[in-house]
2 protein chains.
Amino acid sequence: MVSERRSSPHSDPAGHPPLIETLDRAGLRITGPRRAVADLIDARSGLFSAQDLLDDAGRKRVPIGRATVFRALDLLEELGVVERIELPDGGHAYVACEPAHHHHAVCDGCGRVREVDDHALTDAIAEIERHTGWTVSGHRLELYGRCPECRTTAPAEASRS
Amino acid sequence: MVSERRSSPHSDPAGHPPLIETLDRAGLRITGPRRAVADLIDARSGLFSAQDLLDDAGRKRVPIGRATVFRALDLLEELGVVERIELPDGGHAYVACEPAHHHHAVCDGCGRVREVDDHALTDAIAEIERHTGWTVSGHRLELYGRCPECRTTAPAEASRS
DNA sequence: GAGGATATGAGACATGGTCTCGGAAAGACG
DNA sequence: CGTCTTTCCGAGACCATGTCTCATATCCTC
């Protein structure tokens, strides 16, 4: 489980439109459970696990099946508005994000996640292709560290390279 | 005692010394099971899962407990000679590697893994730190694509950003 | 509305990994 | 070598995170 931290009850901290809109625009069925999951995600900020959503749902007395949460998450991931990321400790978490290609920086102080783009990385990959002979069709980059707010507070715990 | 010394078709692509030596040099106990796991890994190339090692062990009639395999893998990971990587499909796999910091490129044709270093990435990260105000203490980069041998054969399947 | 396509929920199953605990083996020492 | 302490091992229970199945409920279109 990923820790609980929410900011404003419903607003999209990073300015995303409500997730449910994405489903709608993609021409997918808007069902009660889907809407519920979308809302639960919108109400969070930063990292969360499927279990977190289930817990939230229980707390709010919104009955949703486990499988449904995973299915909704898959769907949203496919649409690019939710991403599953790997944590330094080997665990997983989900995070809502923009559909455009980007990477995530995860703060190990507060769990906040920030999107980062990667012009420089693109160049780096081109370079790698050039001298290894590989064709790189995809990549995954995650950054771990501390956000400006946490930088001055408690020291970070170990993180892997 | 396991007979078979690295019999893999593409053995030792990067010229690693036997893994068991790493344990020895680290001053850790060299026990039968640890040696067995080290040998099993040496005999492989590319990605493998804990289950693969267990299967190999069964095939060679080397009885090793599941927990022991995971413990040995943890140990080797701590020493930096084995790394656990995230696959594009969300699964995990292990791979033997050099202890120095680097990244992996995974071929989705043959499963081969190549180590890649990242001068350019280091610069890219410095750049990110500079204009986001974050302190990046660690990162994880994985590249997916096709190695030169597979590039000309069957087309790659989809892979994620 | 009615009907067919699709999604849902409950819970079994799968996978990958961790924990516990009694027993066994490694290494230190005399 | 024998004994002692420390560490490791194996078996299997346990756990977390997902996936699958299938009967039922729901959505959307006509």
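Only this structure's heavy atoms are used, side chains among them; waters, hydrogens and symmetry mates stay out.
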*Asks:* Once you round it to whole Å, what is the distance between P of dT17(D) and CG of Leu53(A)?
*Replies:*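 Leu53(A) atom CG is separated from dT17(D) atom P by 12 Å.
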*Asks:* Could you state the CD1-P distance from Ile85(A) to dT17(D), rounded to the nearest angstrom?
*Replies:*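 Computing the Ile85(A):CD1 to dT17(D):P distance gives 15 Å.
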*Asks:* Whole angstrom is fine here: how far is it from CD1 in Ile64(B) over to P in dC8(D)?
*Replies:*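 Nearest whole value for this atom pair: 16 Å.
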*Asks:* To the nearest Å, give me how far apart CG (Asp52(A)) and P (dG18(D)) are.
*Replies:*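 Computing the Asp52(A):CG to dG18(D):P distance gives 11 Å.
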*Asks:* Does dG9(C) have OP1 or OP2 sitting under 4.0 Å from an N or O in the side chain of Thr68(A)?
*Replies:*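 Result: yes.
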*Asks:* Let me know the distance between CD1 of Ile30(A) and C1' of dT6(C), rounded to the nearest Å.
*Replies:*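 Going from Ile30(A) (CD1) to dT6(C) (C1'), I get 13 Å.
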*Asks:* Under 4.0 Å from OP1 or OP2 of dG17(C): is there any side-chain N or O of Arg84(B) that close?
*Replies:*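 True: Arg84(B) side-chain N/O within range (under 4.0 Å) of dG17(C) OP1/OP2.
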*Asks:* What is the separation between atom CZ on Arg35(B) and atom P on dC9(D), rounded to the nearest whole Å?
*Replies:*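 Roughly 12 Å, once rounded to whole Å.
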*Asks:* Can you measure Glu86(B) atom CD to dG16(C) atom C1' for me and round it to whole angstrom units?
*Replies:*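 So the CD-C1' distance, Glu86(B) to dG16(C), works out to 13 Å.
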*Asks:* Where each residue is assigned the nucleotide of DNA chain C containing its nearest heavy atom, which of Leu28(A) and His92(B) is assigned the position nearer the 5′ end?
*Replies:*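 So the residue in question is Leu28(A).
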*Asks:* Hey, do the aromatic rings of His139(A) and His103(B) have their centres closer than 6.0 Å?
*Replies:*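 So the answer is no for these two rings.
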*Asks:* Among dG18(D), dA11(D), dG9(C), which nucleotide sits nearest the side chain of Pro33(A)?
*Replies:*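 When the side chain of Pro33(A) is considered, dG9(C) is the closest of dG18(D), dA11(D), dG9(C).
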*Asks:* Is the distance from OP1 or OP2 of dC9(D) to the nearest side-chain N or O of Thr31(B) less than 4.0 Å?
*Replies:*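 So the side chain of Thr31(B) is within the cut-off, an N or O lying under 4.0 Å from OP1 or OP2 of dC9(D).
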*Asks:* Looking for any heavy atom pair under 4.0 Å, which part of the strands does Arg71(B) touch: base, sugar-phosphate only, or nothing?
*Replies:*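 Base, at least one base atom sits under 4.0 Å.
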*Asks:* Does Tyr94(A) place a side-chain N or O at less than 4.0 Å from the phosphate oxygens OP1/OP2 of dG18(D)?
*Replies:*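 So the side chain of Tyr94(A) is within the cut-off, an N or O lying under 4.0 Å from OP1 or OP2 of dG18(D).
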*Asks:* Do Ile20(B) and Asp42(B) have side chains that get closer than 4.5 Å, going by heavy atoms?
*Replies:*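 No, too far: nothing below the 4.5 Å cut-off.
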*Asks:* Would you mind reporting whether Leu87(A) and Leu47(A) have side-chain heavy atoms less than 4.5 Å apart?
*Replies:*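 Yes - at least one pair of side-chain heavy atoms lies under 4.5 Å apart.
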*Asks:* Classify the nucleic acid contact of Arg66(B) as base, sugar-phosphate or nothing, counting any heavy atom under 4.0 Å across all strands shown.
*Replies:*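 Here Arg66(B) touches the bases of the nucleic acid.
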*Asks:* Is there a donor and acceptor pair, one atom on the side chain of Arg29(A) and one on the base of dC27(D), closer than 3.5 Å?
*Replies:*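 Under the 3.5 Å cut-off, the side chain and the base do form a donor-acceptor pair.
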*Asks:* Leu75(B) CG to dT18(C) P: how many Å, rounded?
*Replies:*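 Spelled out: CG on Leu75(B) to P on dT18(C) is 13 Å.
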*Asks:* For a 4.5 angstrom cut-off between non-hydrogen side-chain atoms, does His104(B) reach Val95(B)?
*Replies:*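 SC-SC contact between His104(B) and Val95(B) confirmed.
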*Asks:* Side chains of Glu98(A) and Val81(A), heavy atoms from C-beta outward: is any pair under 4.5 Å?
*Replies:*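 Result no, sub-4.5 Å side-chain heavy-atom pair not found.
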*Asks:* Nearest to the Ala67(A) side chain among dA10(C), dG12(D), dT17(D), which nucleotide is it?
*Replies:*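 The answer is dA10(C).
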*Asks:* Starting the side chain at C-beta, find the nucleotide from dG18(D), dA11(D), dC8(D) nearest to Arg34(B).
*Replies:*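 For the Arg34(B) side chain, the nearest candidate turns out to be dC8(D).
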